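Heads up: the structure comes next, in structure tokens.
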Amino acid sequence: MADRVWIEDISKHEGKEVLLQGWLYNKRSSGKLHFLQVRDGTGIIQCVVFKGDVSPELFDLADRISQESAIEVSGIVKKDERSPLGFELGVSHLDLVHEAPDYPITPKDHGISFLMDHRHLWLRSSRQHAILRIRHEVIRAVRDFFDGKGFTLLDAPIFTPNACEGTTNLFSTEYFETRAYLTQSGQLYNEAGAMAFGKVYCFGPTFRAEKSKTRRHLTEFWMVEPEMAYCDLNQDMDLAEEFVEYVVQQVVRNRPNELKDVERDIEVLKKVKRPFPRISYSEAIEILHRKGNSTPWGEDLGGDEETLISEEFDRPVMIHRYPAKCKAFYMKGDPDNPDTALCVDMLAPEGYGEIIGGGQREDDYETLKDRILHHGLSPEVFGWYLDLRKYGSVPHAGFGLGIERAVAWICGLKHVRETIPFPRMMERLTP
Ligand code: 4AD
Ligand code: MG
């Protein structure tokens, strides 16, 4: 029997007989020929069954075989300039491993809620496949970037006793005799890590009970968060732009076929090169006023405002120094203007909105304690966090990138729901 190979590696086997193990993706026939589109999880290849080459039983089987049936196919690998893969298979054997009756997702159009209900099967479609391979590439690039710079990976807990990003969107759960909250961000633990390891990152799922049904919000999403000791806001922005450039260019380099499958304009992504523009919140408000949006100074920027601002630039833009009252309790105030915080949001171009949030942290014990009280939080619960300001406190900063928002932008998708294998949103907990 021929050796089993993966479709992705098919070019290495030109002229040889190989065995493919996969599923029938699609099929068409014309008289003496059946064209089977076979997928094995690494790619799709056209397998040609020619009546003159095979037994009548096998030719008949190729005719009857249904979409998504599991099959094993063997034959000779042939060059074929017309196919996207560059190769096809001349079939000599075909085995039905498992017959799939009435596969629900047919090549015709289906509505989004039908597809979401069938997410466990929808993952097999070539477009979803491409998006999730790009997600994998993004995650690989994220890890390579920080590992290559000597950051230590330090995982933050999922069960926490306190809020990080405000109390309005916390998921709470029973924890024996007490309550626990699902983490909104690993940042506070990262700060302890930065004081122990100098530079750290955490990468894991984070949770927000977002009541908003927007195209940018999930209730469970993955965030990568670096944190550095002896780091100020400018150095934090330097790292953020180098990081985003690296991630995008790795995808452009390593996943050109998948970007083509999702019909992404690669030229737009190639422009994502440093330096990225940096503007203050006040400058952002001026841009908005010039464009006829009347958001007053002091108000947070919403999705519409972010779109208007990002339209002005052909690469991501960093907005720094928001009004302190729009931001979380841990942000360090700007010594030059205490009403503003030393924070930064990075907005992706083309109206994709915020992909990164971060900044410099308050490192003074008394100031931080006041802010905790001012935000109605408990100094007892944050005792450990305050300790970091007691024992060798230094300026430190970091940021968080939402993986799904980044993937949506890189793939050019309207909604984040297709960027994670099984999305969790306000109205979706299944499959
Ligand atoms: O701006 P956020 O809330 O920042 C933090 O959590 C900081 N503690 C991070 C840090 O400094 N270490 O969230 C960071 C990013 C956002 O820019 C966005 O990309 C993503 O997380 N994000 C979401 N993605 C999907 N669905 C949601 N509901 C999201 N909320 C935030
Ligand atoms: Mg934010």
Side-chain angles (χ1 to χ4, degrees), residues 135 138 142 146 151 154 156 160 162-171 181-194 199-228 231 233 236-237 239-240 243-244 247 281 300-303 305-306 310 316-320 322-323 326-332 341-348 352-362 385 396-410 413 415-420 423-426 428:
R135 177 188 171 99
V138 166
V142 160
F146 291 115
F151 282 63
L154 210 72
T160 65
N162 52 257
C164 177
E165 294 300 319
T167 47
T168 52
N169 59 13
L170 269 182
F171 278 113
Y181 304 98
L182 299 186
T183 185
Q184 297 165 308
S185 157
Q187 181 199 316
L188 307 185
Y189 298 95
N190 256 355
E191 291 181 53
K199 44 189 178 179
V200 295
Y201 71 104
C202 64
F203 177 54
T206 47
F207 306 86
R208 310 262 170 114
E210 302 273 11
K211 296 247 163 57
S212 34
K213 287 184 232 164
T214 79
R215 59 194 182 86
R216 296 173 183 174
H217 288 98
L218 296 166
T219 52
E220 177 180 310
F221 62 97
W222 286 66
M223 181 155 47
V224 58
E225 300 177 82
E227 189 75 26
M228 286 96 27
C231 180
L233 176 64
D236 197 33
M237 291 197 276
L239 186 78
F243 168 62
V244 169
V247 170
Y281 167 89
D300 205 1
L301 307 178
E305 286 74 34
E306 289 179 352
S310 69
V317 54
M318 292 191 273
I319 306 180
H320 52 82
Y322 281 66
C326 303
K327 293 290 178 182
F329 74 95
Y330 52 73
M331 301 269 186
K332 189 171 177 64
L342 294 177
C343 62
V344 60
D345 276 6
M346 188 190 287
L347 312 186
Y352 280 93
E354 179 195 333
I355 52 170
I356 278 182
Q360 199 174 326
R361 323 306 186 186
E362 183 51 69
Y385 186 62
H396 61 288
F399 60 82
L401 170 89
I403 293 292
E404 292 75 18
R405 296 227 189 135
V407 173
W409 161 50
I410 292 171
L413 307 176
H415 202 294
V416 290
R417 66 191 159 209
E418 291 174 42
T419 63
I420 184 163
R424 295 291 174 252
M425 295 173 286
M426 195 178 165
R428 179 156 301 275

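Remember, it's 1-based here, ligands and their atoms both numbered in the order they're listed. No experiment lies behind these values; they were computed from the predicted model shown.
- The contact set between ligand 1 and Met223, taken as ligand atoms under 4.0 Å from a residue heavy atom, comprises 6 (O), 13 (O), 14 (C), 15 (C), 21 (O).
- When non-hydrogen atoms are compared, ligand 1 lies under 4.0 Å from the side chain of Phe221 (C-beta onward) but not from its backbone.
- For the residue pair His396 and Glu191, a side-chain donor N or O sits within less than 3.5 Å of a side-chain acceptor on the partner.
- Distances from ligand 1 to the non-hydrogen atoms of Arg216 include at least one value under 4.0 Å.
- In this structure, atom 16 (C) of ligand 1 lies nearest to the protein heavy atom Glu354 OE2, 3.2 Å.
- Between Met346 and Val317, the closest side-chain pair of non-hydrogen atoms is not below 4.5 Å.
- Residue-ligand proximity, Ile356 to ligand 1, at heavy-atom distances under 4.0 Å covers atoms 17 (O).
- By the 30° and 60° cut-offs, the orientation of the rings of Tyr385 relative to Phe329 is perpendicular.
- Inside a sphere of radius 2.8 Å centred on the Mg ion (ligand 2), the protein N/O/S atoms present are Glu354 OE2.
- Between Phe146 and Phe203, the ring center distance fails the sub-6.0 Å criterion.
- Listed by atom number, the atoms of ligand 1 under 4.0 Å from Gly357 heavy atoms are 1 (O), 9 (C), 10 (C), 11 (O), 17 (O).
- For atom 26 (N) of ligand 1, the nearest non-hydrogen atom of the protein is Leu218 N, 3.0 Å.
- Using a 4.0 Å cut-off between charged nitrogen and carboxylate oxygen, Arg424 and Glu210 do not count as a salt-bridge pair.
- Put simply, CG on Leu401 and CD on Glu354 are 10.0 Å apart, with the number rounded to the nearest 0.5 Å.
- Under a 4.0 Å heavy-atom criterion, Glu404 is not in contact with ligand 1.
- At least one heavy atom of Arg361 sits less than 4.0 Å from an atom of ligand 1.
- At the top of the distance list for atom 7 (C) of ligand 1, counting protein heavy atoms only, stands Glu165 OE2, 3.4 Å.
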query = Should Gln184 and Asn169 be marked as a side-chain hydrogen bond (donor to acceptor under 3.5 Å, both in side chains) after you check the CA-CA gap, both sets of side-chain angles, and the distance that decides it?
reply = CA-CA 9 Å; Gln184 297 165 308; Asn169 59 13; 2.7 Å; yes

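- Residue Gly358 has at least one heavy-atom neighbour below 4.0 Å for each of these atoms of ligand 1: 11 (O).
- Two residues are said to be in side-chain contact when any heavy atoms from C-beta on lie closer than 4.5 Å; Met223 and Ser185 meet this criterion.
- Here the CG-NZ distance, from Asn190 to Lys199, works out to 14.5 Å after rounding to the nearest 0.5 Å.
- Contact atoms of ligand 1 toward Tyr330: 7 (C), 8 (N) (distance under 4.0 Å to a heavy atom of the residue).
- On a distance-only criterion, His217 and ligand 1 share no N/O pair closer than 3.5 Å.
- Counting only heavy atoms from C-beta outward, the side chains of Cys202 and Glu225 approach each other to under 4.5 Å.
- The only option from Glu165, Arg361, Glu362 that meets the side-chain hydrogen bond (donor to acceptor under 3.5 Å, both in side chains) definition with Tyr330 turns out to be Glu165.
- Looking at atom 12 (N) of ligand 1, its nearest protein heavy atom turns out to be Glu225 OE1, 2.7 Å.
- Close contacts of ligand 1 with Gly400, meaning ligand atoms under 4.0 Å from a residue heavy atom, involve 9 (C), 10 (C), 11 (O), 12 (N), 14 (C), 15 (C).
- Contact annotation: Ile355 has at least one heavy atom less than 4.0 Å from an atom of ligand 1.
- Looking only at heavy atoms of the protein, atom 18 (C) of ligand 1 is closest to Arg405 NH1, 3.6 Å.
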Evaluation steps, ring-ring contact (aromatic ring centres under 6.0 Å, His included), between Phe207 and Tyr181 = CA-CA 9 Å; Phe207 306 86; Tyr181 304 98; over 10 Å; no

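- Counting only heavy atoms from C-beta outward, the side chains of Ile420 and Leu218 approach each other to under 4.5 Å.
- In terms of protein heavy-atom proximity, atom 2 (P) of ligand 1 is closest to Arg208 NH2, 3.9 Å.
- Tested against Arg216 for a side-chain hydrogen bond (donor to acceptor under 3.5 Å, both in side chains), the candidates His415, Glu404, Glu306 yield a single pass: Glu306.
- Taking only nitrogen or oxygen atoms, main chain and side chain alike, Pro226 does not reach within less than 3.5 Å of ligand 1.
- Considering backbone and side-chain N/O atoms, Gln187 comes within less than 3.5 Å of an N/O atom of ligand 1.
- A 4.5 Å side-chain heavy-atom check between Val416 and Phe221 finds every atom pair outside the cut-off.
- His217 is listed as a side-chain neighbour of Arg405, based on a closest heavy-atom distance under 4.5 Å.
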